[in-house]
Visitor: 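Can you read through this structure? Questions will come right after.
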Protein chains: 2
Amino acid sequence: MPQRVTLAMVADKAGMSAATVSLVLNNRAKELGISVETQERVRRAAADLHYRCNPVARGLRTKRTGMVGVVLPDLTLSFCADMLQGMEDAAVEAGCGLLVRTCGRDPQREEECLDWLYAKHVDAVLLTSFMPAASLPAIRRLNTAGVPVILAAGDAKHESTLPWIAIDDEAVARMATSHLIGLGHRRIAHFLVNERRLAGYRQALADAGIEYAEKLVIGGFADSLDAALENAAAFFDGPWEGGAITAVYAGYDLQAAALVGVATRRGIPVPSALSVVGTDGLPFAAMTSPPLTTVDLPKRAIGIETLRRAMAWLDGQESWQDRLCPGTLLVRGSSAAPRS
Amino acid sequence: MPQRVTLAMVADKAGMSAATVSLVLNNRAKELGISVETQERVRRAAADLHYRCNPVARGLRTKRTGMVGVVLPDLTLSFCADMLQGMEDAAVEAGCGLLVRTCGRDPQREEECLDWLYAKHVDAVLLTSFMPAASLPAIRRLNTAGVPVILAAGDAKHESTLPWIAIDDEAVARMATSHLIGLGHRRIAHFLVNERRLAGYRQALADAGIEYAEKLVIGGFADSLDAALENAAAFFDGPWEGGAITAVYAGYDLQAAALVGVATRRGIPVPSALSVVGTDGLPFAAMTSPPLTTVDLPKRAIGIETLRRAMAWLDGQESWQDRLCPGTLLVRGSSAAPRS
DNA sequence: TTGAAAGCGCTAACAA
DNA sequence: TTGTTAGCGCTTTCAA
C-alpha cells in the first residue's frame with residue numbers, strides 16, 4: 001500500500017517549500033505575485049506525481065469539508081430520488097460531495113440525521129421534511145455552528161423561519177383543475193394532499209364561477225398503492241354516485257393511477273365517463289392505460305436549485321431568494337371533455 | 001458562531017489529559033486498565049459539554065474517514081435508488097457515511113467518479129457498473145491505496161477479478177420462464193437483457209423439453225418507455241404472428257409493461273390471449289392493468305449486503321464470499337394459462 | 001517573491 | 001494508571 005502523494009513530496013520534487021506549493025495550487029499565485037517560472041515548476045511536479053490535495057488535512061485547517069449533508073425521507077420514493085439526483089448534478093458542478101441520510105417519516109430519526117451531519121462537519125445541509133418543526137432544535141444547532149440548513153420541497157409551515165425552495169402547490173393545483181374546467185367539467189372531485197393544493201383547486205373553481213362543495217373533497221392521503229386502491233373503491237361506492245362527478249383532480253399520481261385502475265376494472269371508461277388528473281409526474285403515470293394526465297413537478301430542478309443556494313450562502317451571497325417552483329401540465333389520455 | 005467542543009476542552013473540564021480522554025471515549029479503557037472513576041469523570045465531562053469527536057481531525061490521524069463512496073449510474077432509475085437505500089440502511093447500522101456520485105452510463109464519468117472518491121479518501125467504494133472493465137485502472141488505483149471496491153449488481157464479466165454481489169440472473173429468468181411453462185405455455189418469446197437471463201430462459205425450456213427457437217428471442221434493450229413501446233409494436237407486427245406466441249418472458253418490467261399497454265390498445269387481451277412476465281419488481285409493475293406478474297429483485301438487500309461486505313473487509317475479515325442473490329416471483333394478473 | 005513556523009483536533013508511542 | 005510528546009497534511013500569517 002504505497003503512500004499517497006503529499007504536498008511535501010511535491011515541494012521536494014519542485015525544490016520549493018510546501019507553503020509556496022500550496023499557494024500556487026490554490027491559485028493564489030497572481031494575487032501574491034509568485035513568479036511564473038515557479039508556478040510552472042510547481043504545477044509540473046504536482047502533475048508528474050499525480051498529486052491530489054488531501055481534503056481531510058485541508059478540512060482540519062480550513063474548517064470546510066467540502067461536503068453537503070442531505071436528509072431525505074426515503075430514496076425509495078421516486079420523488080426523493082429524483083431530487084437527490086438534481087442535488088448531485090449541482091454538487092458535481094460545485095465540486096462538493098453529498099453525504100446522504102434518510103429518516104423515513106420519523107421526526108426523531110430526522111433529528112438524529114441532522115445531529116449526525118452536524119458531527120460530520122458538513123458545510124451545509126439540505127433537508128426535505130414533512131414536519132421540520134419537530135427538528136428545529138437540531139436545525140438551530142447547525143445554524144449556530146454556521147451551517148445553513150435549506151428546506152427542499154418541504155412543508156410550508158416553516159417557510160418563514162427557514163430558507164426554502166418549494167413547489168408552488170397552489171399554482172399546480174390550479175393548473176390541473178383549470179385544465180379539467182377548460183375541457184367542460186363542472187363537478188370535479190379532489191383528493192386531498194395539503195392545504196395549498198386545496199386552495200389552488202378552490203381558486204380554479206372560483207375563477208370559473210363554479211361553486212365549491214366540501215363533499216367533493218376527499219381526505220385520507222394514501223402512501224401505498226393498497227391505500228390508494230381502497231380510497232378509489234370508496235370513492236366509486238360513495239361520492240361518485242354512479243356518474244354525478246365527471247372528473248377528478250386526484251392531487252397525486254399514486255391516487256390518480258389507482259382511480260384509473262379501479263375505474264377500468266369496474267367498467268367505467270376513462271376518460272369518457274371520468275377524467276382523472278394527477279400530480280407528480282412519476283414514471284408509472286405514463287404506464288397506466290390510458291396514460292395519466294398529470295402535472296409534472298420539477299423534482300430535479302428543485303434539487304439543483306437547493307444545492308446552489310447552499311453554495312451561494314457559503315460564498316457569502318446571502319441572497320435568500322426563497323422560491324416557489326411551478327409544475328408542467330402533461331396532457332395524456334386520462335382527461336377529455338365529458339360526454340354530453 | 002461559537003466554538004465546537006474539542007477533546008482538549010473535555011480534558012480540561014475533567015482535569016485529565018487529552019490522551020486519557022481519547023482513550024476512554026474510544027472504549028479502550030478496559031484493555032488499558034483505566035480506573036473506573038477516571039472513566040466516569042471523562043464521560044461526564046464529555047456529556048456535559050455535548051462533546052462530539054471531530055471526524056476530520058481523527059481522519060487525519062487514523063487515515064480512516066468513516067465514509068464509503070457509492071458510484072451509481074442514475075438515481076432516477078428506481079433500481080439504483082432502492083439499492084442505495086439499502087446501502088444507507090446498512091451504513092447507519094455500521095456508523096459510517098455514504099458519499100454518493102452518479103455517472104450515467106458513461107464509462108469516462110465512471111472513472112472520474114472513482115478518482116474523485118479516491119481523492120476524498122473514502123474507506124471503501126461500492127460500484128454499480130454496466131461495464132467495470134473500462135474503469136479498471138481507477139479501481140486498481142483505489143485498491144493500491146488500500147481501498148476495496150465492491151461491485152453491486154453489476155455486469156458479470158469481471159466478477160472473477162473483483163469482489164461482487166450480484167443478482168442470480170440465470171435463476172431469475174428460469175423462474176419466470178418456468179412459471180409460464182407451468183401454466184401450459186409452449187411458445188414463449190424472450191426480450192433480451194443479458195446473456196445470463198437468456199441462459200436461464202433456455203434452461204427452463206430445456207428442463208421442460210421445449211425446443212429453443214432463436215427467432216423467439218428479441219433484442220433491442222429499451223432504456224426508455226418510448227423505446228419499449230416501439231419494441232412492443234414491432235413484436236406484435238412481427239414475431240407474434242397474430243397469436244402463434246402465447247406468452248412472453250419480457251426480461252425487464254419496462255418492456256413487460258409496454259407489451260401489456262400495446263396489447264391492450266390493440267385489443268389483444270392480457271393474459272387470455274398473451275401472458276406477460278417481467279423482472280425487476282418496479283413500482284409501476286403493480287399499476288398496469290392487469291398488474292404485471294414479475295420477478296421481484298432484492299435491490300435493497302443487495303445494497304445492504306454490499307455495504308456489509310465492505311465493512312467486513314475493513315475489519316480485516318477478508319472472507320470474500322461473492323454472492324448471487326435470488327429473486328422472488330410475484331404472480332399477478334398478466335399471466336395465466338393459455339386458452340386452449 | 002519565497003520560506004519558516006505554527007497549529008487545526010485528534011491518536012498512539014513512549015514515559016513516568 | 002495516566003501524562004507527555006510528536007506528528008497526520010495542509011494553510012496562513014509573518015519574516016526574510
Side-chain angles (χ1 to χ4, degrees), chain A residues 1-43 45-46 49-66 118-121 123 145-146, chain B residues 1-43 45-46 49-66 118-121 123 145-146:
Chain A
M1 198 189 317
Q3 290 284 94
R4 300 219 192 198
V5 183
T6 70
L7 235 200
M9 295 165 68
V10 177
D12 251 27
K13 171 141 185 160
M16 297 274 120
S17 77
T20 308
V21 174
S22 170
L23 261 15
V24 171
L25 261 27
N26 287 313
N27 296 315
R28 306 194 36 198
K30 262 266 164 53
E31 102 197 40
L32 292 176
I34 288 177
S35 80
V36 179
E37 197 215 349
T38 299
Q39 292 183 45
E40 268 316 310
R41 275 236 300 279
V42 168
R43 287 188 204 289
L49 299 175
H50 294 289
Y51 169 74
R52 310 291 257 116
C53 174
N54 179 338
V56 180
R58 165 185 277 168
L60 189 56
R61 280 277 352 200
T62 61
K63 272 105 178 53
R64 282 283 192 95
T65 53
Y118 172 88
K120 279 285 178 192
H121 289 237
D123 295 339
Chain B
M1 200 189 318
Q3 291 284 94
R4 302 222 190 195
V5 182
T6 71
L7 236 200
M9 296 165 68
V10 176
D12 250 29
K13 172 142 183 157
M16 296 275 121
S17 78
T20 308
V21 174
S22 171
L23 260 14
V24 171
L25 263 26
N26 288 313
N27 297 315
R28 307 194 34 197
K30 263 266 163 55
E31 102 196 44
L32 292 177
I34 288 178
S35 79
V36 180
E37 197 214 350
T38 300
Q39 292 184 46
E40 268 316 309
R41 275 237 300 280
V42 167
R43 287 187 203 288
L49 298 175
H50 294 287
Y51 170 74
R52 309 293 255 115
C53 173
N54 180 339
V56 180
R58 164 185 280 169
L60 190 55
R61 279 279 354 200
T62 60
K63 272 106 178 53
R64 281 284 192 95
T65 53
Y118 172 87
K120 280 286 178 191
H121 289 238
D123 295 339

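Heavy atoms only: backbone and side chains are in, while hydrogens, waters and symmetry mates are out. Numbers restart at 1 for each chain; the letters A, B, ... are given by sequence-line order, proteins then strands.
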Visitor: Rounded to whole Å, please give me the gap between CE in A:Met9 and P in D:dG9.
Guide: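 Rounded to whole Å, this separation is 10 Å.
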Visitor: Could you report the tightest heavy-atom contact between A:Gly15 and A:Arg41, atom names first, then the distance?
Guide: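 Shortest heavy-atom separation between A:Gly15 and A:Arg41 comes out as O-NH2, 4.0 Å.
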Visitor: Atom CG of A:Leu25 to atom P of D:dC10: distance rounded to whole Å?
Guide: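 These atoms are roughly 10 Å apart.
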Visitor: Flag the pair A:Thr65 / A:Lys120 as yes when at least one side-chain heavy-atom distance between them is below 4.5 Å, and no otherwise.
Guide: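 SC-SC contact between A:Thr65 and A:Lys120 ruled out.
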Visitor: Looking at every non-hydrogen atom in both residues, tell me the closest pair between B:Leu7 and B:Tyr51 and how far apart they are.
Guide: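 Shortest heavy-atom contact: N-CE1, 3.4 Å.
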Visitor: I'd like to check the side-chain contact (heavy atoms from CB on, under 4.5 Å) partners of B:Arg52; sequence neighbours left out, ordered by chain and number.
Guide: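 side-chain contact (heavy atoms from CB on, under 4.5 Å) check on B:Arg52 returns A:Ala119.
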Visitor: Just how large is the angle between the end axes of the helix from C:dT1-D:dA16 to C:dA16-D:dT1, five pairs per end, to 10 degrees?
Guide: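 About 40°, once rounded to a multiple of 10°.
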Visitor: Roughly how many Å is it from CD1 in A:Ile34 to C1' in D:dT12, rounded to a whole number?
Guide: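 One finds 12 Å between C1' of D:dT12 and CD1 of A:Ile34, rounded.
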Visitor: Could you run down nucleotides 8-16 of chain C 5' to 3' and tag each one B, S or - for protein heavy-atom contact under 4.0 Å?
Guide: BBBBB----
Visitor: Judged by atom type as modelled, is there a donor-acceptor pair below 3.5 Å linking the side chain of B:Gln39 to the main-chain atoms of B:Ile34?
Guide: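 Judged by distance alone, yes, a pair lies under 3.5 Å.
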Visitor: Which of these passes side-chain contact (heavy atoms from CB on, under 4.5 Å) with B:Arg58: B:Asn54, B:Thr62, B:Val56?
Guide: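 Among the candidates, only B:Thr62 passes.
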Visitor: Looking at B:Leu23, B:Val21, B:Asn27, which one forms a side-chain contact (heavy atoms from CB on, under 4.5 Å) with B:Leu25?
Guide: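 Filter result, single survivor: B:Val21.
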Visitor: How many whole angstroms separate atom CG of A:Leu32 from atom C1' of D:dC14?
Guide: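 For the pair A:Leu32 CG and D:dC14 C1', the rounded distance is 13 Å.
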Visitor: So, for B:Ser17 and B:Ala11, which heavy atoms are closest and what is the spacing to 0.1 Å?
Guide: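 Heavy-atom minimum between the residues: C-CB, 3.7 Å.
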Visitor: Which whole-number value in Å describes the distance from A:Arg64 CZ to D:dG9 P?
Guide: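 Computing the A:Arg64:CZ to D:dG9:P distance gives 24 Å.
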